[in-house]
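Just the heavy atoms: all of them, side chains too, but no hydrogens, waters or symmetry mates, feed the values below. Chain identifiers are assigned alphabetically (A, B, ...) following the order of the sequence lines, protein sequences preceding nucleic acid strands; residue numbering begins at 1 within each chain.
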Amino acid sequence: MSLPDPTAASSSHRFISNAGEDIREMLATIGVDSIDRLFDTIPDDVKLDELLDIPGPWSEVESRRWFRALAARNVTSADHASFLGAGAYAHYQPAMIDQLLLRAEFLTAYTPYQPEVSQGTLQSIFEYQTHQCLLTGLDVANASLYDGSTALCEAVLLAERVAKGKKKVVIAKSVHPHYLQTVRTYIQNLGLEIVEVGWGADGGIDLDALRAVSADAFAVAIQSPNFLGVVEDYDAVAQAAGSATKISVVAEATSFGLLATPGQHGFDICVGEGQAWGIPTQFGGPYVGFMVVRDALKRHMPGRLVGETVDVDGKRAYVLTLATREQHIRRGKATSNICTNEALIALAANMYLSLMGKYGLREVAEQSARKAAYLRAKLKDIQSVELPFAGPIYNEFVVRTPFAAADILKDLEHEKILGGIPLGDFFAGHERDFLVAVTELHTREQLDHYAAVLSAAISRERR
Amino acid sequence: MSLPDPTAASSSHRFISNAGEDIREMLATIGVDSIDRLFDTIPDDVKLDELLDIPGPWSEVESRRWFRALAARNVTSADHASFLGAGAYAHYQPAMIDQLLLRAEFLTAYTPYQPEVSQGTLQSIFEYQTHQCLLTGLDVANASLYDGSTALCEAVLLAERVAKGKKKVVIAKSVHPHYLQTVRTYIQNLGLEIVEVGWGADGGIDLDALRAVSADAFAVAIQSPNFLGVVEDYDAVAQAAGSATKISVVAEATSFGLLATPGQHGFDICVGEGQAWGIPTQFGGPYVGFMVVRDALKRHMPGRLVGETVDVDGKRAYVLTLATREQHIRRGKATSNICTNEALIALAANMYLSLMGKYGLREVAEQSARKAAYLRAKLKDIQSVELPFAGPIYNEFVVRTPFAAADILKDLEHEKILGGIPLGDFFAGHERDFLVAVTELHTREQLDHYAAVLSAAISRERR
Amino acid sequence: MTATLDPTETNKDVAQKSATEPLIFERSKQGRRGYQLPALDVPEVSLDEILPANLRRDEITDEVEVSEVDVIRHFTRLSKLNVSIDAGLYPLGSCTMKHNPRINEEIARTPGFAHSHPLQPEHQVQGNLELLWWLEQTLKEIFGLPRVTLQPVAGAHGELTGILMVHKALAKGGNPRKYILIPDSAHGTNPASAAFAGYEIRELKSNNRGTVDLAALQEAVTEDVAALMITVPNTLGVFESEIRAMADILHAKGAYLYCDGANLNSFVGVARPGDMGIDVIHSNLHKTFSTPHGGGGPGAGPVGVSESLIPYLPTPTIERREDGTFYADFSHPDSIGRMRAFHGNFNVLVRALSYMRAMGPSGLRRIAQLAVLNANYIRARLKGHYHLPYDAPTLHEVVFSDKNQTPKDVHTLDIAKRLMDYGFHPPTIYFPLIVSGALMIEPTESEPKEELDAFCEAMIAIARESQERPELVRSAPHTTPVRRLDEARAARQPVLRWKK
Amino acid sequence: MTATLDPTETNKDVAQKSATEPLIFERSKQGRRGYQLPALDVPEVSLDEILPANLRRDEITDEVEVSEVDVIRHFTRLSKLNVSIDAGLYPLGSCTMKHNPRINEEIARTPGFAHSHPLQPEHQVQGNLELLWWLEQTLKEIFGLPRVTLQPVAGAHGELTGILMVHKALAKGGNPRKYILIPDSAHGTNPASAAFAGYEIRELKSNNRGTVDLAALQEAVTEDVAALMITVPNTLGVFESEIRAMADILHAKGAYLYCDGANLNSFVGVARPGDMGIDVIHSNLHKTFSTPHGGGGPGAGPVGVSESLIPYLPTPTIERREDGTFYADFSHPDSIGRMRAFHGNFNVLVRALSYMRAMGPSGLRRIAQLAVLNANYIRARLKGHYHLPYDAPTLHEVVFSDKNQTPKDVHTLDIAKRLMDYGFHPPTIYFPLIVSGALMIEPTESEPKEELDAFCEAMIAIARESQERPELVRSAPHTTPVRRLDEARAARQPVLRWKK
Ligand SMILES: Cc1ncc(COP(=O)(O)O)c(C=O)c1O
Ligand SMILES: Cc1ncc(COP(=O)(O)O)c(C=O)c1O
């Protein structure tokens with residue numbers, strides 16, 4: 001057996017305080033002669049008689065070398081002009097936020113089960129919930145869900161709970177494909193049926209098709225701006241969706257600064273992805289899923305809710321509430337199985353929303369939309385570039401060229417431009433299309449350069 | 001006059017809380033009708049009637065673009081293998097330290113004039129003072145001085161104060177030239193004479209020359225390891241320095257982990273530069289100067305001192321003490337004019353020294369010395385490379401080739417090596433010499449590579 | 001921070017006042033700004049040309065106008081109302097509140113990781129893919145299982161993933177079956193996840209050691225049982241010594257053994273789930289592998305599976321080619337599908353691998369050794385003072401009850417609150433449900449002995465106070481920013497948002 | 001953090017205990033480690049081959065053995081014993097405790113800046129040199145002076161630099177002269193710096209407005225006076241309206257006017273020192289230009305000079321070539337020499353330029369406007385409650401005295417301590433020396449009105465308490481981690497380090 005002696009100084013590890021002297025003292029108090037004795041309840045035949053076969057232990061010096069070398073093998077928006085979106089957007093990230101997130105009081109605390117020593121986290125969640133309500137025009141928001149895709153799953157399940165009986169959910173084909181796939185996974189054993197509704201010529205949902213299938217559906221879910229970048233007309237959709245619970249999905253959260261709210265236009269639930277609120281794209285996570293619902297639905301809400309109350313001295317304070325919905329009380333009958341959520345990202349979002357505030361959120365949205373419109377117009381003028389969908393957009397749109405999107409994008413990459421996301425990866429028959437996203441961070445120079453490089457690439461491909 | 005209206009929303013600035021509404025309310029309370037009225041005591045003929053002509057205001061986005069572009073125009077140890085030392089060394093920097101320094105409680109507080117709400121800073125300084133004493137073998141350390149060069153100035157002035165009458169200070173020529181120059185600047189009007197003592201064949205101070213000039217000197221100051229990298233023999237120097245106050249300068253603070261202490265070998269004062277304790281080289285500052293003295297000298301100490309005491313409840317606490325030495329009390333008769341010092345860097349040093357601890361400080365020093373010895377030996381074997389000074393070294397040494405150091409170093413730079421610092425920039429006649437520094441961060445691979453590239457460079461130059 | 005004019009108030013009130021912070025919405029003042037953006041550099045056309053008015057909103061009514069100073073003050077002050085691991089012991093049982101190394105935070109912020117986009121083509125993100133591949137290799141070795149999916153973003157998410165795989169595998173075999181067996185000591189997410197995966201729950205009574213009774217299990221495992229979900233060691237900290245036999249019983253009936261790996265910290269590097277006959281296990285990386293809890297997340301809940309479940313793993317999986325390049329593989333026809341958009345909580349996974357590399361083989365084993373030593377030290381010191389409902393040997397945590405204190409009408413909640421006055425975060429309380437008035441203490445390996453001693457002395461002091469000054473304990477906490485809350489009122493008339 | 005066994009102690013004691021932290025040396029335990037380094041990868045030869053034994057030390061006796069957990073806990077807990085700007089108003093008069101923007105911290109950490117070495121050749125550090133050049137251009141415009149040295153690392157360092165230049169200039173003219181005139185209201189560093197520059201101090205009595213009396217100055221400026229060192233506005237916050245006349249008097253006698261720029265925050269962008277006839281000025285970048293005070297530093301004290309002093313600037317200066325490249329110029333034969341190794345506090349200078357760019361021309365002016373407005377608002381609100389020794393109009397700060405409170409034996413120190421109970425850092429006290437029992441309040445432009453109101457209400461409450469419950473004020477603070485200290489004991493038997 002090649003197992004080290006835990007009391008040897010050579011066995012000490014910087015992350016583990018107790019060492020030789022402490023261990024001997026503690027064993028004496030416990031009254032056993034070695035740490036191994038404490039593991040007697042684990043049968044020998046399942047005990048390892050050697051160390052695991054993995055690298056390490058590494059010093060910070062070695063870790064920095066290895067991880068930085070890995071990171072250096074990625075090509076990112078840190079060194080390229082990126083026009084990638086499709087559910088993950090590079091917006092302005094205020095310097096203050098990351099530095100505050102490093103405060104141990106936020107970073108290393110856990111779920112505020114004990115409100116007297118967790119008011120910081122609780123009050124922030126309460127504020128976060130309020131921001132969500134103001135942005136969506138709905139009544140009650142929760143403390144966070146995993147991400148946009150699972151938030152949609154939870155919304156569908158919520159709608160099914162209140163619908164009683166109905167088993168059909170209608171989901172727009174223009175909802176983020178990953179979200180739709182995730183819903184399929186979640187509901188696969190629950191006897192529910194998903195009916196997809198496609199888009200019309202302008203890229204907006206096909207209203208007639210929607211009207212045709214909504215009647216017996218417990219819920220209708222659409223995304224706006226949808227996956228093609230097109231902004232949906234909530235009123236028209238709500239009307240077509242009839243009596244079903246109406247779920248709006250928002251994958252580009254800065255759009256709330258400019259677009260009509262689901263709450264004021266007939267929708268019951270808004271779910272989505274909060275990453276656009278200044279969270280790094282970080283290869284897809286951690287992000288933060290949000291859910292905001294009409295007041296009538298609040299007791300069916302999944303996840304944590306923070307409410308206001310007072311302490312014994314009458315002092316205002318905040319606390320986790322309506323917990324009877326949750327797994328730790330309701331167990332098999334809970335409104336969701338979620339426990340650990342995305343609290344720290346929700347905190348970052350609260351910081352972002354507070355710092356940008358009423359006018360900043362508006363300006364981010366307007367600048368993103370204006371710059372997208374500017375680029376879209378420029379690309380339109382490029383010979384043999386098509387914009388397949390004419391519908392109104394926020395900050396993202398589909399571009400079509402005569403050539404395979406992958407090839408065109410490779411050409412752009414050579415000019416240090418991450419030019420877009422091939423639509424063909426998600427929808428067969430769209431191999432010449434790609435999604436282009438623009439934010440307030442793009443400069444006119446970058447937009448002009450993009451247009452120039454794209455038209456050059458097309459001419460090159462043509463030869 | 002193109003001056004903006006301070007109450008206009010367009011005049012609001014994110015760093016300045018009060019705006020339109022607040023300003024109007026406050027002016028009303030004060031009883032004046034405009035902010036301009038508050039400046040009536042400034043004569044109109046010196047008042048500006050337009051805004052200053054400087055760039056800005058910039059958003060964080062614009063600042064990031066501009067400053068990162070500037071930083072990208074530097075070549076640094078972040079992208080090259082650096083062997084630069086000469087008073088600024090790239091040692092291991094524990095990840096925890098910088099993140100803790102960002103805590104507002106440390107970063108944004110000021111001098112702990114009010115001990116009841118500043119115990120964090122005060123206790124840290126007390127601990128820092130203790131580390132200094134343990135490392136130097138001396139009795140009393142202060143809270144910090146500007147840097148190594150000004151610390152030497154303060155030491156010379158301290159020695160002069162206690163010497164009474166004597167006007168001559170002997171300083172080794174092998175003290176960091178910038179330090180020596182700074183001393184000349186400081187004392188230029190004080191009627192003091194500096195006598196320099198050169199080095200012997202092995203690079204150590206010329207003891208006979210020292211003996212010859214020490215008699216009527218109020219102080220003798222040497223550096224060890226000296227600017228040539230050579231470790232001085234404190235006992236021999238102390239003996240040669242006779243009755244003068246003996247000042248040891250340490251510009252490579254990690255050397256305390258391995259080298260004999262000035263305190264145990266006849267020295268009265270140790271001053272130096274604490275940058276090597278995990279502080280980034282950051283183009284020369286901020287760093288932290290330290291001063292440790294024999295107990296007898298404590299009331300002559302410049303700068304802040306923190307002492308232990310108790311509060312009215314008998315609870316142990318820390319406080320700035322012996323303040324009668326300082327400018328805010330003694331004014332023109334103070335032991336120094338220093339007020340703001342390098343507290344945050346001293347805090348970082350306390351964190352570093354605590355984290356590395358008894359064994360880490362030793363290992364950093366041993367690894368640095370061993371790797372330097374390894375490289376030194378390898379270079380010695382290279383044809384037509386000379387090591388002009390045979391004296392014992394810690395982690396830095398002088399290399400001589402048949403060619404101009406600048407040319408050789410240019411060659412190394414092409415291989416992404418910052419190969420050393422030309423000694424000719426400091427001492428005429430040494431144009432072929434350069435200083436090479438090694439730390440625990442260098443890998444054997446880098447050391448071998450250095451040797452290979454250097455000998456290749458020499459052959460190339462020969463052609 | 002608002003002071004008061006009443007000179008007669010007590011100092012405590014003054015201090016308490018300075019410990020309150022208004023809502024950010026209450027700080028809003030007309031004209032204040034916390035942001036600046038570069039001026040728009042494209043032609044400013046009318047918004048109508050960009051988006052029809054009916055698709056636009058008007059101003060965001062009631063959103064804030066605050067300065068950067070207001071915001072940094074606000075959140076700095078809020079933070080001071082929290083306790084944290086970096087400030088002291090945070091012995092929440094079952095949550096493994098261990099030291100969160102700062103090197104993990106630094107590495108996760110490397111621009112190449114932080115700014116990579118989840119939909120970049122394979123050739124642009126080889127660094128990320130290799131990192132994910134290495135993390136899977138490492139978890140495979142830790143679990144002793146042949147494959148691991150990194151997609152789940154929390155333990156509960158991993159549970160759902162695991163049970164969905166079980167369901168799919170059984171369905172492939174013709175019958176997904178109806179029930180999941182779950183001990184009454186289990187965490188609430190277990191039954192919830194099983195239910196969302198489409199199963200009914202059958203609860204297993206724990207025996208007097210607090211563990212699963214083999215005979216009872218034998219009986220409970222019928223043809224329509226899909227799996228047993230157990231926690232190893234269980235929520236009392238007791239290791240199921242007969243785990244191998246349990247696995248055999250299940251496997252004999254074609255059922256699966258699911259392990260909730262929340263307590264992996266107690267045996268990592270000492271024993272491997274795969275060697276115990278476990279078919280599926282999730283690990284909460286925010287517990288055993290030190291990723292920060294962040295006030296309630298983010299986390300990650302990778303799931304390891306045995307050979308027979310590999311075909312059902314979520315897509316994509318991360319694979320390595322002969323030529324050493326890496327790619328995301330979607331070609332798994334029997335996969336349960338995607339559990340989340342993109343690649344899960346990538347930057348949590350980065351932190352976890354950073355931690356695993358820092359620990360290495362010897363360090364991982366030492367985690368379990370010291371976590372168990374620390375817990376047993378607390379158990380030994382407090383045993384005389386608090387009632388131990390199950391005195392079977394325990395590993396990384398120990399569960400006491402308030403039985404010794406209830407005669408004085410002092411209950412677990414009171415003890416927890418009083419601990420705050422002594423400067424400690426309370427343990428997990430009233431869980432597991434099989435212990436009435438449970439005090440579930442998990443110190444983790446991080447804690448220094450002197451911190452454990454201080455905690456034990458506080459607990460002992462409270463035990464005494466409960467006898468001698470019970471009202472002092474019942475009315476605790478006395479020194480926190482707020483005191484006991486009216487939780488009933490919060491639930492009765494919920495106020496879930498600020499309104500003007 | 002050590003709790004106690006005594007169940008009878010008060011809650012306050014419990015809380016206080018939890019607010020103490022042992023010395024890091026007291027946390028040391030045999031075997032603990034807080035660090036790890038890569039294993040030595042060169043042959044491990046005997047140390048004797050590397051360094052003779054007589055030049056080596058043995059182990060570092062009494063140095064610590066602590067874990068990373070011990071260290072992060074220790075410093076996190078220590079931090080909680082401090083108050084800070086990010087937590088609230090920090091109205092230390094003369095210190096300009098303004099908001100420290102986090103963008104400055106981010107930019108200073110850019111690897112290209114943080115890891116550049118001070119002795120790299122010019123071509124490798126063009127980015128740094130250009131940054132320094134731009135900072136000088138910006139300060140020149142702010143000062144209205146033709147050159148600025150960036151070498152001084154603090155205000156006092158700048159004072160020494162400035163006076164050394166004056167001395168050298170006069171010496172060149174044949175006679176360095178003997179005296180520096182300094183008003184009795186000046187900061188202690190002024191006389192100290194002048195003395196270290198080789199001068200004797202002659203103190204100027206302030207007139208009843210607290211300013212310099214022209215007639216008195218006229219008389220004081222003799223042939224052997226080298227310069228007058230004044231602070232503008234002075235330490236009462238009063239602007240020397242006759243500054244131009246003062247300059248003329250000095251210049252007529254061949255003497256120089258030195259301005260201590262510590263209070264530049266009150267007129268930046270509103271008026272320029274150069275236009276006032278000032279010959280030399282230092283600016284504390286850690287005050288006016290927002291670089292964090294760091295618990296007492298680092299700072300920076302650039303010095304601007306008029307034409308006649310340019311030849312004497314410290315070396316090197318940073319210059320720009322025709323071709324747009326930058327270099328360090330050492331060719332200044334009359335320079336006073338080098339004031340510090342390398343390039344001063346470079347990474348403080350980076351932060352300051354970041355701040356100047358963020359403010360821009362309009363923002364810089366707004367600083368002065370709001371700083372002065374905030375100070376005058378406090379003055380207006382507190383005037384009725386505290387005695388105003390000089391009621392001349394003031395700019396960015398206001399100095400009260402304890403005259404109204406002394407009859408009740410309540411003194412400035414008591415008022416300062418009592419403010420802590422209300423959650424505020426006290427103002428600067430007992431400075432300037434011309435005011436007995438001075439309370440020197442500088443809010444800066446950063447503060448929101450509600451914070452100023454809370455502060456004023458606390459001050460007013462204390463004024464009342466001083467009349468109605470003076471003992472409560474005299475015995476303050478009551479709610480801080482430690483209460484009033486025995487400072488006499490600290491000085492009588494100094495304990496300046498931990499000993500085993
Ligand atoms: C035993 C046990 N199982 C499951 C969970 C759920 O894990 P998570 O919170 O990561 O979803 C937890 C943690 O809360 C737990 O303690
Ligand atoms: C008026 C005045 N002059 C000079 C100084 C000294 O500046 P520094 O502390 O930066 O050396 C200060 C600050 O303490 C000051 O307030």
Side-chain angles (χ1 to χ4, degrees), chain B residues 17 22 26 30 35 41 51-52 56-58 60 67 70-71 73-78 84 104-105 107-108 110-111 116-117 119-121 130 149 178 181 185 189 280 282-286 307-309 311 317 321 327-328 331-332 334 337 340-344 354-355 357-358 360 373-374 444, chain D residues 24 34-35 41-42 50 63-64 78-79 81-86 103 107 110-112 114-118 124 127 154 156 188 191-193 195 198 201 239 292-299 337-338 341-343 345-347 357 360-361 363 369 377 380 448-449 480 482-483 490 495 497-498:
Chain B
S17 296
D22 309 289
M26 293 167 76
I30 297 169
I35 290 182
T41 53
L51 293 176
L52 295 174
W58 281 0
E60 291 186 341
F67 283 98
L70 276 188
R73 290 176 43 212
N74 295 330
V75 163
T76 74
S77 60
L84 307 181
E105 295 86 340
L107 187 73
T108 75
Y110 197 22
T111 307
E116 299 87 350
V117 289
Q119 283 298 301
T121 298
T130 302
S149 65
H178 282 189
Q181 291 162 24
T185 306
N189 305 331
Q282 45 193 356
F283 207 50
E308 181 184 309
T309 185
D311 74 357
T321 191
Q327 45 74 26
H328 58 283
R331 309 191 55 93
N337 66 331
T340 292
N341 47 82
E342 308 298 314
L344 194 71
S354 302
L355 201 52
K358 183 177 194 163
Y374 175 85
R444 180 180 190 154
Chain D
I24 192 71
Y35 81 98
D41 59 355
V42 301
I50 290 176
E63 258 302 350
V64 295
L78 284 188
S79 74
L81 306 178
N82 282 0
V83 299
S84 70
I85 295 167
D86 285 5
I103 184 67
I107 283 173
T110 309
H115 299 301
S116 56
H117 188 284
Q124 292 177 357
S193 301
I201 314 312
F239 189 87
H293 279 84
R338 168 183 288 286
F342 311 130
H343 299 281
N345 277 346
F346 174 75
N347 230 347
R357 291 292 166 105
Q369 292 178 312
Y377 179 72
K449 175 173 180 296
T480 45
V482 298
R483 295 181 50 224
V495 177
R497 58 165 289 190
W498 167 87

Inset, instruction - List the steps and the verdict of side-chain contact (heavy atoms from CB on, under 4.5 Å) for B:Glu342 and D:Asn345. - result: CA-CA 10 Å; B:Glu342 308 298 314; D:Asn345 277 346; 3.5 Å; yes

Inset, instruction - Verify, without hydrogens or angle tests, whether B:Thr185 (side chain) and D:Arg338 (backbone) share a donor-acceptor contact under 3.5 angstrom. - result: yes

Legend entry - Partner chain B: residue of D:Arg357, D:Glu63, D:Gln369, D:Lys449 with the largest heavy-atom pair count (under 4.5 Å): D:Arg357

Inset, instruction - Among the options B:Thr76, B:Leu70, B:Asn74, B:Thr309, pick out the one with the most heavy-atom pairs lying under 4.5 Å from chain D. - result: B:Asn74

Legend entry - Side-chain donor/acceptor of B:Thr340 to backbone N/O of D:Ala154, under 3.5 Å: no

Inset, instruction - Output the option from D:Ala490, D:Gly337, D:Gly198 having the highest count of non-hydrogen pairs under 4.5 Å with chain B. - result: D:Ala490

Legend entry - Atom pair NE2 (D:His293) and CG (B:Leu344), whose distance is rounded to the nearest 0.5 Å: 12.0 Å

Inset, instruction - For chain D, find which of B:Val117, B:Asp22, B:Ile30, B:Thr111 contributes the most heavy-atom pairs closer than 4.5 angstrom. - result: B:Val117

Legend entry - Toward chain D, the part of B:Phe67 with a non-hydrogen atom under 4.5 Å: both

Legend entry - Main-chain N/O of B:Thr108 paired to D:Asp86 side chain as donor or acceptor, under 3.5 Å: no

Inset, instruction - Pick whichever of B:Leu51, B:Ile35, B:Leu52 has the most heavy-atom pairs under 4.5 Å with chain D. - result: B:Leu52

Legend entry - Residue pair D:Thr480 / B:Glu116: nearest heavy atoms and the distance that separates them: CB-O, 3.7 Å

Inset, instruction - With a 4.5 angstrom heavy-atom cut-off, could you sort out which part of B:Leu84 is near chain D: side chain, backbone, both or neither? - result: both

Legend entry - Per-residue contact mode, D:Ser193 against chain B (heavy atom under 4.5 angstrom): both

Inset, instruction - Would you confirm whether B:Ser77, through its side chain, and D:His115, through its main-chain N or O, come within 3.5 Å as a donor-acceptor pair? - result: yes

Legend entry - Interface moiety of B:Thr321 toward chain D, non-hydrogen atoms closer than 4.5 Å: side chain

Inset, instruction - Looking only at non-hydrogen atoms, find the nearest pair between D:Pro361 and B:Pro57 and report the distance. - result: CD-N, 4.2 Å

Legend entry - Residue among B:His328, B:Met26, B:Arg73 with most heavy-atom pairs under 4.5 Å to chain D: B:Met26

Inset, instruction - State, with a plain yes or no, whether a side-chain heavy atom of B:Leu107 is found less than 4.5 Å away from one of D:Ser84. - result: no

Legend entry - B:Pro280 to D:Ala114 - nearest heavy-atom pair and separation: CB-O, 3.4 Å

Inset, instruction - Against chain B, work out which of D:Tyr35, D:Phe342, D:Phe239 has the most heavy-atom pairs shorter than 4.5 Å and name it. - result: D:Tyr35

Legend entry - Heavy-atom pair count under 4.5 Å with chain D, highest-scoring of B:Pro286, B:Ser149, B:Ala334, B:Ala317: B:Pro286

Legend entry - Straight-line distance of D:Asn347 CG to B:Gln282 CD, nearest 0.5 Å: 4.5 Å

Legend entry - Closest non-hydrogen atom pair, D:Asn82 against B:Glu105: ND2-O, 3.0 Å

Legend entry - Partner chain D: residue of B:Gly360, B:Ala78, B:Ala373 with the largest heavy-atom pair count (under 4.5 Å): B:Gly360

Legend entry - Which portion of D:Ile107 sits near chain B, non-hydrogen atoms under 4.5 angstrom: side chain

Legend entry - Side chain B:Asn337, main chain D:Ala192, donor-acceptor under 3.5 Å: no

Legend entry - Heavy-atom pair of closest approach, residues B:Asp311 and D:Arg483: OD2-N, 2.9 Å

Inset, instruction - Under 4.5 Å, counting heavy-atom pairs only, tell me which of D:Gly296, D:Gly34, D:Pro292, D:Gly112 racks up the most with chain B. - result: D:Gly296

Inset, instruction - Please check if the side chain of B:Thr130 supplies one atom and the backbone of D:Trp498 the other of a donor-acceptor pair under 3.5 Å. - result: yes

Inset, instruction - Check the angle between the aromatic planes of B:Phe283 and D:His343 and answer parallel, tilted or perpendicular using the 30° and 60° thresholds. - result: parallel

Legend entry - Option in D:Gly363, D:Ala380, D:Ala156 with maximal non-hydrogen atom pairs under 4.5 Å from chain B: D:Ala156

Legend entry - Shortest non-hydrogen contact from B:Ala343 toward D:Gly294: CB-O, 3.4 Å

